[in-house]
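Right, one structure below, let's go through it.
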Protein chains: 2
Amino acid sequence: MPSPQKHTEALGRVLELVVVLSDDMTRSLAAQGLTNARAHLLWELHRRGPSTQRVLADALRVSPRNITGLVDALVATGFVTREPHPTDRRATLVSFTEHGAAVTAAMEHDQHEFARILFADMPDDRFAALVDGLDDLLARLRAHGVSIDASREATDPESEAGR
Amino acid sequence: MPSPQKHTEALGRVLELVVVLSDDMTRSLAAQGLTNARAHLLWELHRRGPSTQRVLADALRVSPRNITGLVDALVATGFVTREPHPTDRRATLVSFTEHGAAVTAAMEHDQHEFARILFADMPDDRFAALVDGLDDLLARLRAHGVSIDASREATDPESEAGR
DNA sequence: GGCATTTCGTGATGCGCCTTCACTATGTCG
DNA sequence: CGACATAGTGAAGGCGCATCACGAAATGCC
């Protein structure tokens, strides 16, 4: 079992990874006229298909009021549309425009591509060790009370990351 | 060399780690009456000792104007003080109050403790493999243009994470 | 020494994300 | 039918961040 010093350094690596990746995500999104929150909404919409704002609010774990604002912005920038719900006249259905669908598909593609490039020439054993280590880490985090406090299925949050 | 499918899953693990950790950091900080940005400033102050706002702005990579606001808040909540710079009458020196120093020291301690708990019973070889994998990942990220666009010495961003 | 230039901090203003409270319109259940 | 729950939005507000404009002090140059 490693020394405390090493422990802190390792955590430092993890945190650095956090910073590097999230910065890069934000930059990539901005290049497409998106912000983190809006891309996140798009992503969820992609996973679920046309959804009510309530559903999106639960999925993104933000207040319904906030969803209104995000959808407003995405409508204004032509990524999604708001349509009346066919059976519930209180609700509105949020759906992709063609543009929104295309951009989201591109984001997904970029994510796969980025993963491919990232791990492309990594030897099998090293790759397996890394994945196992990450899983272990995740398990340990949850075991020590660090968890995504409930719900939320394994959601890869934004997307995007490619250079 | 692993399959594309695995690649994406692995990236998913990384992103999940990102989300879990940053969420937890934010929660821990909030419990002490701090926000991410304010804690970040405290952290930098801890690493550098009393500093001018300009220095902090460069360190945190935000606009000087924003530092004014963060320091305002930290002064109001009793974490730091603003004093005139001894030789440059334009500048102000930001220093810890006793309370601020204590809280920051506690954060540092918690971070070490968290790292210790996290990796405590992890076998040496597994730990080594994980660290190597993380380093490799970081290197690959930088190699593919994903980088912290310049400056910024190896700064572990916030701190805190323990339950 | 004197004046231009740079630098430090801040006021004003604005955007994005997020929240809570209050309110309308609608759905649902007994 | 009436009581209650639910979907979305207006209003207001907080935090983080940015840019522009500006005064005050420091510095460089002649």
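Naming: A, B, ... by sequence-line order, numbering from 1 per chain.
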What nitrogen or oxygen pairs link the protein and nucleotides 7-9 of chain D at under 3.5 Å?
from: D:dA7; atom 1: OP2; to: A:Arg54; atom 2: NE; distance (Å): 2.8
from: D:dG8; atom 1: OP1; to: A:Gln53; atom 2: N; distance (Å): 3.1
from: D:dG8; atom 1: OP1; to: A:Thr92; atom 2: N; distance (Å): 3.1
from: D:dG8; atom 1: OP1; to: A:Thr92; atom 2: O; distance (Å): 3.2
from: D:dG8; atom 1: OP2; to: A:Gln53; atom 2: N; distance (Å): 3.4
from: D:dG8; atom 1: OP2; to: A:Arg54; atom 2: N; distance (Å): 2.5
from: D:dT9; atom 1: OP1; to: A:Arg82; atom 2: NH1; distance (Å): 3.3
from: D:dT9; atom 1: OP2; to: A:Gln53; atom 2: OE1; distance (Å): 3.4
from: D:dT9; atom 1: OP2; to: A:Gln53; atom 2: NE2; distance (Å): 2.8
from: D:dT9; atom 1: OP2; to: A:Thr68; atom 2: OG1; distance (Å): 2.8
from: D:dT9; atom 1: OP2; to: A:Arg82; atom 2: NH1; distance (Å): 3.3

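- Across every non-hydrogen atom of A:Ile67 and A:Val62, the tightest pair is CD1-CG2, 3.6 Å.
- Remark: A:His99 engages A:Phe79 in a ring-ring contact (aromatic ring centres under 6.0 Å, His included) (not counting sequence neighbours).
- First and last contacting nucleotides of DNA chain C toward chain A (any atom under 4.0 angstrom from a heavy atom, 5' to 3' order): C:dG16 to C:dG27.
- Across all strands, B:Thr87 comes closer than 4.0 Å only to sugar-phosphate atoms, never to a base (heavy-atom distances).
- Between A:Leu93 and A:Thr52 there is a side-chain heavy-atom pair separated by less than 4.5 Å.
- Here the C1' atom of nucleotide D:dG16 and the CG atom of B:Leu34 are 15 Å apart, to the nearest Å.
- Classification of B:Glu16 and B:Arg13 as a salt-bridged pair fails, no side-chain N sitting under 4.0 Å from a carboxylate O.
- Applying the side-chain hydrogen bond (donor to acceptor under 3.5 Å, both in side chains) definition to pairs two or more places apart or across chains, those involving residues 71-84 of chain A are A:Gln53-A:Arg82, A:Asp72-A:Arg82, A:Thr81-A:Glu83.
- Taking the side-chain contact (heavy atoms from CB on, under 4.5 Å) definition, one finds that B:Ala129 meets it with A:Ala129, sequence neighbours left out.
- Salt bridge present: B:Arg116 and B:Glu113 bring a charged side-chain N and a carboxylate O closer than 4.0 Å.
- The side-chain hydrogen bond (donor to acceptor under 3.5 Å, both in side chains) test applied to A:Thr97 returns no partner, not counting sequence neighbours.
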